2 protein chains.
Amino acid sequence: MKDKQVDLVFSVLAHAARRRMLDLVMQAPGISVSALGTHFDMSRIAVLKHIHVLEKAELLISKKEGRTRHLYFNPIPIQMIYDRWTTQYSAFWSSHMADIKDRVETRAAGKRGSKRA
Amino acid sequence: MKDKQVDLVFSVLAHAARRRMLDLVMQAPGISVSALGTHFDMSRIAVLKHIHVLEKAELLISKKEGRTRHLYFNPIPIQMIYDRWTTQYSAFWSSHMADIKDRVETRAAGKRGSKRA
DNA sequence: CAGATAGGTAACCTATTCGTTACCTATGAA
DNA sequence: TTCATAGGTAACGAATAGGTTACCTATCTG
């Protein structure tokens, strides 16, 4: 998987609306563009643009039937990044996991005010 | 973890140079800004800006000693997203895993390590 | 056919991103 | 003190992102 493709997938995921679109399509495979659009507080055109971006990153696949475009989630790019990610960070994680777990749990335990850095 | 924070982390990771910076800092904890900069074909200022973005997303932590800023990798935000991700997509993955696994392995052709989500 | 419905393009506007150069500040060493 | 070095700000510019309105095309249905 090339850098450019990884860039694209990450940048696509960097927008809450698009992440939500993926969720919705995952939950309702074959949903139409307009049906998807009803869940968002933006124009139909904006939704359409997001769909185009998602398709360009191959996170969505669409199939047009008649006048309706049906949308499907494609997990492969995310799967790829997931694999790469675990490989890339697992060494660090495993060697620091006790420490991290401790810090996360300390923060979760009600220490709100003091952020590190 | 709020949407905005997730947006930020993903957008930060959507740049190959920044991903590489994380790798480098992970491999050389405490590296200085200028030492990090030698690995990149861009001005020192551009590197500095990327570092600021990484710090804003809390993927890097820095500590200044004298005139030198030492950089450290903070895995927590990635860990957070990783957890969310696996939760969010694992249902889909597991229900389609045979299919996906088959396709992925066909491409990987001999690579080891089928991860379970 | 007429009209409603689903999708799609084009043009435009504003904010942000990512890089630059120029210049400033703080620290360490000779 | 003097000067090189590490870091940092400010201002700018080109490109891209993310939204809008206006308008067009295709298809289904009464």
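Order of the sequence lines sets the chain letters (A, B, ...), proteins ahead of strands, with each chain counted from 1. A quick note: this is a predicted structure, and the numbers were derived from the prediction, not measured. Basis for what follows: all heavy atoms, side chains included, without hydrogens, waters or symmetry-related copies.
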- Item | side-chain hydrogen bond (donor to acceptor under 3.5 Å, both in side chains) contacts touching residues 51-64 of chain A (sequence neighbours left out) | E55(A)-S62(A), S62(A)-R69(A)

- Quick one: are V25(B) and L60(B) in side-chain contact, heavy atoms under 4.5 Å? yes

- Item | Pairwise side-chain contact, L24(A) with F40(A), heavy-atom cut-off 4.5 Å (strictly under) | yes

Please state how far atom [atom1] in [X] lies from atom [atom2] in [N], giving the value in whole angstrom units.
X      : N       : atom1 : atom2 : result
F10(B) : dT16(C) : CZ    : C1'   : 20 Å
L8(A)  : dT16(D) : CG    : P     : 13 Å
K56(B) : dT17(C) : NZ    : C1'   : 12 Å
I51(B) : dG19(C) : CD1   : C1'   : 15 Å

- When you check the phosphate oxygens OP1 and OP2 of dA17(D), does a side-chain N or O of H50(A) lie under 4.0 Å from one of them? no

- Would you please confirm or rule out a distance under 4.0 Å between OP1 or OP2 of dG19(D) and any side-chain N or O of S43(A)? no

- Partners passing side-chain contact (heavy atoms from CB on, under 4.5 Å) against V6(A) (at least two apart in sequence or in another chain): M1(A), F10(A), I81(A), R84(A), R19(B)

- Message: Taking side-chain contact (heavy atoms from CB on, under 4.5 Å) as the definition, give me every residue that meets it alongside D23(B), ordered by chain and number, with sequence neighbours left out.
- Response: Q88(A), Y89(A), M26(B), Q27(B)

- Do side-chain atoms of R18(B) reach the backbone of S11(B) as a donor and acceptor pair under 3.5 angstrom? yes

- Take nucleotides 3-11 of chain D nucleotide by nucleotide from the 5' end and write B, S or -, depending on whether a protein heavy atom sits under 4.0 Å from the base, only from the sugar-phosphate, or from neither. -BBSBBBBB

- Message: Once ring-ring contact (aromatic ring centres under 6.0 Å, His included) is applied, do any residues pair with H15(A), and if so which ones, sequence neighbours excluded?
- Response: H50(A)

- Query: Rounded to the nearest 0.5 Å, how far apart are CG of L13(A) and CD1 of I78(A)?
  - Reply: 5.0 Å

- What parts of residues 11-25 of chain B reach DNA chain C, counting only heavy atoms under 4.0 Å away? H15(B), R18(B)

